[in-house]
Amino acid sequence: MTPEGPPLPPAALRLRIDHAALAGNWRVLDGMSGAARAGAAIKADCYGLGAAQAVPVLAAAGCRDWFVAHWQEAAEAARIVPAAGIAVLHGPINDAEAAYARALGVRPVLNSLAQVKRWLAAGGGPCDLMVDTGMNRLGLPLAEIGDPAVAQLEIETCLSHLASADEDSAQNVEQLARFRAVVAAVPARRYSLANSAGIALGADYAFDLTRPGLALYGGVPRGELADSIAQVAYPEAAVIQVRDLAPGDSVGYNATFTASTAMRVGVIAVGYADGYLRCWSGKGHVLWQGQRLPVLGRVSMDMTIVDLSTAKNCGEGDWLGLDYALPEAAALTALSQYELLTAMGRRFARST
Ligand SMILES: *Cc1c(COP(=O)(O)O)cnc(C)c1O
């Protein structure tokens, strides 16, 4: 925001979101959820895509159930969608957070017996209950689900979270069996276990509500999803300088690339401060008019140098796409698909 001063020129770094792909991914995951409905994990600003832009697209596609992590994210989401459909995964760790949930009208996800009692003491109301079936991160231990305080809750969604759904792990079957015991013991309006990868594990894992995040935004956590999930996030950086190199010239910090012939290079306005981390150095590509242009040398904080030798018409001000096909990018960089999305920094212009 510029309360004073001249209007800003357009950003040299932007994140394009394919709205049709985002809506299509939700429909695919909702369809794969069978009789269950798909909700959406929208924490971390919709995994970096921008909630202000992505949530209305998901709502228009038919999504009604929203999962955020922090209370601050709940406030932001409640400006876009009805508060009653928002669940806050981190749970109320003090009385102020319990009171805030009631004031805003969102559902806390209660993660311990202490949180259950805190919610009841605050006056209660519709809530979600997370039960731990083996991840040992958040959630009520199985041994405590029979506590009388739990029976006093008005549970909208009783949930648990899979630790290894992206692998063919025995832990999935174990957690499923434990969750079935939870369903039999804890009265709730709905039950929910599967994240994106869990949806691909099959109908047994879907219960009443699924909670995809990554796959909505174009991530492919399991091969079963590879053909039906489409890329959503297209980061793009502008060329801010073009230079000609002579044989023997090196580029960038520590001179890790040296030209063996005369070549034309471009400097683009993205660097590790934007989440384009140094793991792309010397091995990433950028996209221009159907060509893949190599990243040369080290990625710096605000800039990256790319080979424009075969892109003769590309000049200052032109936009190059970062190669963000997520499964391939993750394999190349050793970053997870989640990290690739959520690392994209604040300097990316996200339209609303
Ligand atoms: C983040 C999260 C999800 C979404 O997981 P993905 O792997 O991104 O689909 C679902 N449930 C809970 C509890 C989460 O924390």
Side-chain angles (χ1 to χ4, degrees), residues 22 25-26 28-30 32-33 36-49 51 54-55 58 63 65-71 73-74 77 85-91 106-112 115 127-140 155-167 169 171-172 175-176 178-179 182 188 190-202 205-226 228-229 232-233 326-327 330 335-344:
L22 177 59
N25 289 345
W26 183 82
V28 162
L29 293 159
D30 188 57
M32 287 180 73
S33 300
R37 281 188 70 82
I42 58 168
K43 59 201 184 188
D45 207 21
C46 287
Y47 291 40
L49 272 58
V55 170
L58 293 166
C63 186
D65 297 277
W66 314 96
F67 294 88
V68 298
H70 286 256
W71 293 96
E73 296 176 329
I86 300 168
V88 185
L89 292 162
H90 278 189
V106 299
R107 297 195 311 279
V109 177
L110 306 177
N111 289 305
S112 66
Q115 291 188 5
C127 62
D128 288 358
L129 179 71
M130 173 70 81
V131 179
D132 176 48
T133 52
M135 189 170 185
N136 284 298
R137 189 175 63 173
L138 290 180
L140 197 67
I155 304 175
E156 166 67 28
T157 312
C158 176
L159 55 154
S160 191
H161 193 51
L162 296 166
S164 305
D166 57 347
E167 298 177 302
S169 162
Q171 192 180 16
N172 297 327
Q175 287 195 269
L176 177 61
R178 287 179 185 162
F179 192 61
V182 172
R190 298 185 300 185
Y191 299 89
S192 174
L193 178 62
N195 60 347
S196 300
I199 292 171
L201 291 177
Y205 289 79
F207 294 88
D208 303 307
L209 174 68
T210 59
R211 309 187 305 271
L214 182 71
L216 291 174
Y217 311 118
V220 180
R222 289 188 64 95
E224 294 92 333
L225 296 168
S228 45
I229 292 300
V232 173
L326 291 172
L335 297 173
S336 73
Q337 297 178 57
Y338 298 85
E339 291 169 298
L340 286 162
L341 287 174
T342 58
M344 286 185 289

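Since this is a predicted model, take the numbers as computed values, not measurements. Order of listing sets the numbers, starting from 1, for every ligand and every atom in it.
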- prompt: Does any N or O in the side chain of Ser112 come within less than 3.5 Å of the main-chain N or O of Gln115, such that one atom is a donor and the other an acceptor?
  reply: yes

- prompt: Of all residues at least two apart in sequence or in a different chain, which pass the salt bridge (Lys or Arg N to Asp or Glu O under 4.0 Å) check with Asp166?
  reply: none

task: Return yes if some donor-acceptor pair links the side-chain N/O of Ser169 with the main-chain N/O of Gln171 below 3.5 Å, else return no.
output: yes

- line: Within the heavy-atom cut-off of under 4.0 Å, ligand 1 is lined by Ala41, Lys43, Tyr47, Leu89, Met130, Arg137, His161, Asn195, Ser196, Arg211, Pro212, Gly213, Leu214, Tyr338

statement: Residue set satisfying salt bridge (Lys or Arg N to Asp or Glu O under 4.0 Å) with Glu224, at least two apart, ordered chain then number -> Arg222

Under the side-chain hydrogen bond (donor to acceptor under 3.5 Å, both in side chains) test, residues paired with Thr133 that sit two or more places apart: Ser160, Gln175

Aromatic centroids of Tyr205 and Phe179 separated by under 6.0 Å: no

